[in-house]
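Here the structure comes first, spelled out in structure tokens, and everything after it is commentary.
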Amino acid sequence: MALQFEVVGRFNRARASKLTLPHYVVQTPMFMPVGTQGTIKGLTNSQLEDIGCQLILGNTYHLELRPGAELIDELGGLHKFMNWKRGLLTDSGGFQMVSLLHLADITEEGVTFQSPVDGKPMLLTPEESIQIQNKIGADIIMALDDVVRTTITGPRIEEAMYRTLRWMDRCIAAHKRPDAQNLFGIVQGGLDPVLRDICVRGLVERNLPGYAIGGLAGGEDKDSFWRVVAQCTAALPEDKPRYVMGVGYPLDIVVCSALGADMYDCVYPTRTARFGTALVPEGVLKLKHNAMASDERPIDSTCSCMVCKNYTRAYMHSLVTRDAMGSQLLSYHNLSYMMRLSKDLHMSIVEGRFPEYVRGFLRTQFPKGDVPQWVCNAMEVAGIDISSCCAPVPV
Amino acid sequence: MRFVVTKPPAGAGAAGKARLGALYLGGGGAAPPIDTPALVVPTRRGLPSFISRDLIDRLPYPDSLLLHLSPIHFIECPSTRTIKNIGGVHQMVGLQDHFFIASPGDSVESLPEHDGTNKIGAAFETPSGRRLINPKDYMEIISSTRPNLWASLADEVPAWVTEKRNRLSIDRTLKWLDDCLSLDQEKGVSTLGAVVGGPNIENRKKCATEVSMRNVSGFYLGGFGLGESIEERSALLNAVTDILPEEKIRFVSRLGLPEEVLQGVAAGIDLFDSTYIYHLTLGGFALVFPLDILGEAPEALLRNSSSDYTKINLHATIYRKDTSPIVDKCSCYTCLNHTRAYLNHLLNVHEMLAQILLEIHNTHHYLGFFQSIRQALKQEKFELFRQRFMESRRVHLTEAVPYS
């Protein structure tokens with residue numbers, strides 16, 4: 001184990017923590033931007049540090065393709081290659097393989113697929129995924145899991161869950177650097193509580209440094225989504241970090257944090273920026289809309305990032321989807337928003353005002369009181385009273 | 001704004017008209033003057049293509065305060081009313097301490113289209129099609145953006161037009177200069193009168209004489225970089241600068257390559273707007289030529305004759321594992337923080353960060369080139385500087401580029 005997890009504040013299931021990793025000490029709840037190919041699109045390291053980014057993700061699949069884990073290792077690891085001084089996390093490569101390559105085939109051995117470079121058949125095994133991640137050198141590495149979409153039903157889900165456990169052992173055996181890199185296990189099991197339970201217990205038995213809740217954020221209905229998160233966070237050990245993969249929207253992060261999750265990653269903030277959509281406390285702001293052309297307000301008057309302090313919606317409207325600078329500036333703001341969200345969640349828990357924060361968040365996003373039912377259900381389980389945010393149901 | 005010639009031309013030799021100047025930005029700011037000859041950094045809607053305002057701060061100071069502005073970029077949006085409400089371009093792009101110099105087109109996005117230009121206005125090819133702009137609309141954009149200096153609207157024609165079309169362009173340009181001045185609330189205090197005349201020396205002289213008689217603060221030498229050969233350009237530049245008053249500033253567009261800059265400096269030009277950096281950046285090139293041209297022994301400069309000693313193409317596989325910075329001892333953000341290997345990777349995976357880092361380095365390096373030019377002028381070694389520089393570049397060229 002190469003981390004230290006210290007809970008520094010609580011409200012019911014929600015917790016704020018100080019997580020000490022080999023390269024950096026992070027505060028959770030924490031959102032991790034995705035730097036797929038060894039860079040966050042359009043932002044420099046100095047800018048990421050300015051906005052308070054603590055840890056970023058690299059994608060094993062992409063990095064192994066180019067420039068190659070061997071080269072990264074030779075040049076001293078991904079931190080050195082990127083000159084990023086804070087935390088790094090790599091995923092196993094499995095998800096990309098399954099989602100990007102329609103000809104992928106999963107067997108007990110591993111994931112076989114056609115190389116996108118030359119079409120040759122290739123095989124990613126748990127051993128190889130860990131080997132590659134050992135070379136890349138991130139603070140946190142992910143086990144190769146058998147991922148299935150939550151929209152699938154049937155015996156495949158059970159098969160995938162058990163295989164995930166078997167692959168977990170192979171990952172553990174293959175991991176050469178447990179003193180420098182933390183291997184997280186990933187809970188699978190679809191939307192089936194029985195399967196999820198078996199998987200959680202299986203992973204907890206292996207006494208891993210941290211646990212991720214996988215297989216979500218793929219199109220399942222929100223009511224099922226939060227229930228799986230709630231079940232897993234209730235069963236996972238208190239003293240280890242919990243990472244919900246692929247989440248996501250600010251609202252989802254608030255709910256999952258209330259239910260006891262700590263870490264999140266998603267391409268959403270940066271991807272939506274490139275389409276001209278800004279994240280604001282009220283939800284989203286589509287800067288391409290004609291109304292924005294003459295709007296002289298900043299994107300978000302409550303935001304103190306470089307973009308909101310200097311630019312108007314009107315000017316941003318003229319840039320977005322046209323000039324690279326538009327993507328850069330909007331990505332900067334959107335990630336600043338996510339960093340602020342993380343910080344607010346952490347501080348509100350530490351300072352004992354988490355419920356007030358949640359209520360404020362929901363009121364701003366749903367001024368008419370139309371908080372979605374799934375959020376109400378989740379908050380009930382989380383023990384947070386949000387009745388004042390919900391409009392009375394007409395009789 | 002105040003411009004002062006701090007070291008007048010030596011008067012003799014091929015570089016007889018080269019001079020040093022100082023541009024005082026005014027506006028109550030504490031910025032030191034910008035020494036000329038200077039580079040005017042190109043922008044798109046007021047900001048560099050890839051360098052955001054927090055990264056601009058790390059470029060050489062005060063050199064990087066000079067930015068180009070193309071009013072054509074604002075033909076569509078934001079509207080002049082919105083720009084005015086926001087408070088002008090400085091406020092709009094968050095660069096309150098910078099100095100914007102406006103001229104109609106730029107060499108990348110808004111190219112003058114002489115075929116479309118007519119008596120109503122000047123035509124430009126833009127990404128959203130051909131646009132015609134008349135002096136009134138032009139001045140509306142100028143008065144709402146409020147650049148520190150602006151060139152009058154000109155009819156810039158390429159070198160191959162007929163004599164008749166050339167003469168027409170002079171008449172139009174002079175008329176539009178007068179139109180712009182009459183609409184100018186500052187009465188020419190920030191105006192650069194546009195001088196055109198194509199490839200015809202007599203026309204150039206005639207236009208220069210006319211424009212000099214107007215109440216302007218400086219001059220914009222238009223119509224260069226549109227097809228005239230580098231050999232004939234010197235005579236044309238000199239024909240104009242011979243006539244223009246010495247004490248007023250001279251700005252030229254589209255002479256972007258180092259050789260062209262040296263040619264312009266020799267003819268007495270003070271400001272250059274160049275898209276050399278932009279094109280290099282897009283191509284994945286980084287400038288590496290030594291800036292201490294006078295310091296290096298001539299043999300040292302010619303040493304690496306097997307490759308282009310000016311720039312490297314970071315796409316090349318030889319950089320895959322190169323952990324050195326682009327240029328050793330370069331103090332730009334890119335060289336202080338990243339390696340050639342990382343840039344090679346970013347280019348290969350088509351990541352935007354590649355362009356950001358390259359534009360930073362290339363801008364930094366090119367500003368350094370201008371600083372070397374000024375240094376050489378100070379030491380009265382400009383001709384030697386130019387000769388050494390041309391020789392070091394000539395080594396790998398198949399055809400020698402004569403300079404005059």
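Any value given below was found using the heavy atoms of this structure, including those in side chains, with hydrogens, waters and symmetry copies removed. If you're wondering where the values come from, they're calculated on a predicted model, not measured in any experiment. Every chain is numbered from 1 and lettered A, B, ... according to where its sequence line falls, protein lines coming before strand lines.
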Where [X] and [Y] come nearest, the two heavy atoms and their spacing:
X        : Y        : value
B:Met352 : A:Gly42  : SD-CA, 3.9 Å
B:Val93  : A:Tyr311 : O-OH, 2.9 Å
B:Thr82  : A:Ala314 : CG2-CB, 3.6 Å

Option that, when pairs with chain B are counted at under 4.5 Å, heavy atom only, ranks first among [options]:
options                            : answer
A:Met306, A:Gln328, A:Lys41        : A:Gln328
A:Lys309, A:Lys80, A:Arg322        : A:Arg322
A:Ile40, A:Leu75, A:Thr44, A:Leu65 : A:Thr44

Chain B contact via [X] - side chain, backbone, both or neither, heavy atoms under 4.5 Å:
X        : result
A:Thr312 : side chain
A:Asn45  : both
A:Ala324 : both
A:Leu43  : backbone

Honestly, the part of B:Ser49 sitting under 4.5 Å from a heavy atom of chain A is backbone
The interface call for B:Leu55 against chain A, heavy-atom contacts under 4.5 Å, is side chain
From [X] atom [atom1] to [Y] atom [atom2], the distance as rounded to the nearest 0.5 Å:
X        : Y       : atom1 : atom2 : value
B:Asn337 : A:Lys85 : CG    : NZ    : 6.0 Å
A:Ser318 : B:His73 : OG    : NE2   : 11.0 Å
B:Asn348 : A:Arg66 : CG    : CZ    : 7.0 Å
B:Thr339 : A:Met82 : OG1   : CE    : 11.5 Å

Determine whether [X] and [Y] make a side-chain contact, defined as any pair of heavy atoms from C-beta on separated by less than 4.5 Å.
X        : Y        : result
A:Thr39  : B:Tyr342 : yes
A:His317 : B:Pro78  : no
A:Leu329 : B:Leu47  : yes

Got more than 12 heavy atoms from elsewhere within 6.0 Å of [atom1], [X]?
X        : atom1 : answer
B:Arg81  : CZ    : no
A:Arg340 : CZ    : yes
B:Tyr61  : OH    : yes
A:His289 : NE2   : no
A:Lys343 : NZ    : no

With chain A as the partner, which of [options] has the greatest number of non-hydrogen pairs under 4.5 Å?
options                               : answer
B:Arg45, B:Arg44, B:Met92             : B:Arg45
B:Leu95, B:Leu353, B:Val349           : B:Val349
B:Pro48, B:Ala354, B:Pro127, B:Ala341 : B:Ala341
B:Gln355, B:His338, B:Gln96, B:Gln91  : B:His338

Give a yes or no on whether the backbone of A:Ser46 and the side-chain of B:Tyr333 come within a donor-acceptor separation of less than 3.5 Å.
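At least one qualifying donor-acceptor pair exists.
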Report yes or no: does B:His345 contribute a side-chain atom to a donor-acceptor pair with the main-chain N or O of A:Gln37 at less than 3.5 Å?
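Side chain of B:His345 to backbone of A:Gln37: a pair is present.
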